[in-house]
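Here is the structure we will look at.
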Amino acid sequence: MSPTAENLQAVRRRIVEALQGVGREVVLVAVSKTRPASRVAEALEAGQRDFGENYVQEALGKIAALEGRGAVWHFIGHLQGNKAKDVARHFDWVHGVDRLETAERLSRHRPADRPPLEVCVQVNISEEDTKGGVAPEAAPALAKAVAALPGLRFRGLMGMASPTADEAVQRAQFRRLALALEAVRAAGVPADTLSMGMSHDFPAALAEGATMVRIGTAIFGEREPA
Ligand SMILES: *Cc1c(COP(=O)(O)O)cnc(C)c1O
């Protein structure tokens with residue numbers, strides 16, 4: 001078994017443990033930013049389907065190299081307006097939408113022969129200025145506007161907790177995202193996705209109701225500093 005396959009198996013086992021018998025579907029997004037296509041291919045061979053990428057240019061090469069292999073591509077980075085066209089054409093999901101203008105651009109550029117782009121609105125749950133995302137109170141209005149765009153399918157919310165090892169803090173921040181999703185639904189917008197949890201905090205995210213976790217380091221090893 002490749003090290004990638006072994007790590008994937010260990011992460012999947014930890015996800016099941018963290019769910020503590022709750023029979024919820026959880027999608028594991030393997031975050032493959034900075035990794036070559038050969039590592040993604042190893043993960044595909046180990047049965048992994050969903051991959052997260054942060055850098056458009058880098059991702060396009062991998063998407064082309066692995067075409068036809070059944071990978072589902074998630075854009076999880078900060079989306080610059082001038083890259084919206086490439087993302088709308090080549091990705092399946094976008095997790096970081098925090099402006100209506102970006103969503104409109106994605107919708108406009110989504111090719112008519114592809115299903116709508118699956119979209120999560122990003123919410124700032126850590127109260128750090130450096131992280132993107134709308135304030136939790138703004139999530140229902142943006143969700144409603146995104147859900148109305150023809151090229152997109154609104155799925156739910158994405159958030160990132162502070163880089164802390166304190167599980168109580170992680171859980172309190174993830175709970176904010178779960179509550180914001182409840183507010184979105186209460187506003188009449190259907191949603192099924194809570195995209196939260198990374199290598200160091202996914203057990204806390206799962207305890208607070210994550211349906212999708214985005215994990216890089218625990219699968220592919222430490223990244224080279226950028
Ligand atoms: C890089 C990244 C991840 C994965 O982080 P790891 O610590 O490697 O698991 C998850 N989500 C986003 C938005 C990222 O940028």
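Both ligands and their constituent atoms are indexed starting at 1 by order of listing. These numbers were taken from a predicted model, which means no experiment stands behind them. Quick note: residue numbers are just sequence positions, from 1.
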| task | Would you check if the distance from the ring center of Trp73 to the ring center of Phe91 is below 6.0 Å? | result | no

Distance from [X] atom [atom1] to [Y] atom [atom2], nearest 0.5 Å?
{"X": "Gln122", "Y": "Leu177", "atom1": "CD", "atom2": "CG", "result": "9.5 Å"}
{"X": "Phe220", "Y": "Thr34", "atom1": "CZ", "atom2": "OG1", "result": "9.5 Å"}
{"X": "Thr4", "Y": "Arg39", "atom1": "OG1", "atom2": "CZ", "result": "3.5 Å"}

| task | State plainly whether one hydrophobic cluster holds both Phe51 and Val94, where clusters connect Ile, Leu, Val, Met, Phe, Trp and Tyr through side-chain heavy atoms under 4.5 angstrom apart. | result | yes

| request: Identify whether Val87 and Met212 are in the same connected component of the hydrophobic contact network (ILVMFWY, side-chain heavy atoms under 4.5 Å). | output: no

Enumerate the atoms of ligand 1 whose separation from the nearest heavy atom of [X] is less than 4.0 angstrom.
{"X": "Lys33", "value": "1 (C), 2 (C), 3 (C), 14 (C), 15 (O)"}
{"X": "Ile215", "value": "9 (O)"}
{"X": "Asn54", "value": "14 (C), 15 (O)"}
{"X": "Arg214", "value": "4 (C), 9 (O), 10 (C), 11 (N), 12 (C), 13 (C)"}
{"X": "Thr217", "value": "6 (P), 7 (O), 8 (O), 9 (O)"}

| Charged N to carboxylate O under 4.0 angstrom, Arg176 versus Glu208? | no

| field | Arg105/Glu101 ion pair, N-O < 4.0 Å | value | yes

| remark: Filtering Val31, Thr34, Ile76 for the heavy atom nearest atom 13 (C) of ligand 1 leaves Ile76

| query | Does ligand 1 have any atom that is closer than 4.0 Å to a heavy atom of Arg223? | reply | yes

| field | Close N or O approach (Gly216, ligand 1; < 3.5 Å) | value | yes

| query | Does His200, backbone or side chain, put an N or O under 3.5 Å from an N or O of ligand 1? | reply | no

| query | Please state which protein non-hydrogen atom is closest to atom 9 (O) of ligand 1 and give its distance, to 0.1 Å? | reply | Ser199 OG, 2.5 Å

| task | May I ask you to identify the nearest protein heavy atom to atom 5 (O) of ligand 1, giving residue, atom name and distance to one decimal place in Å? | result | Met198 CE, 3.5 Å

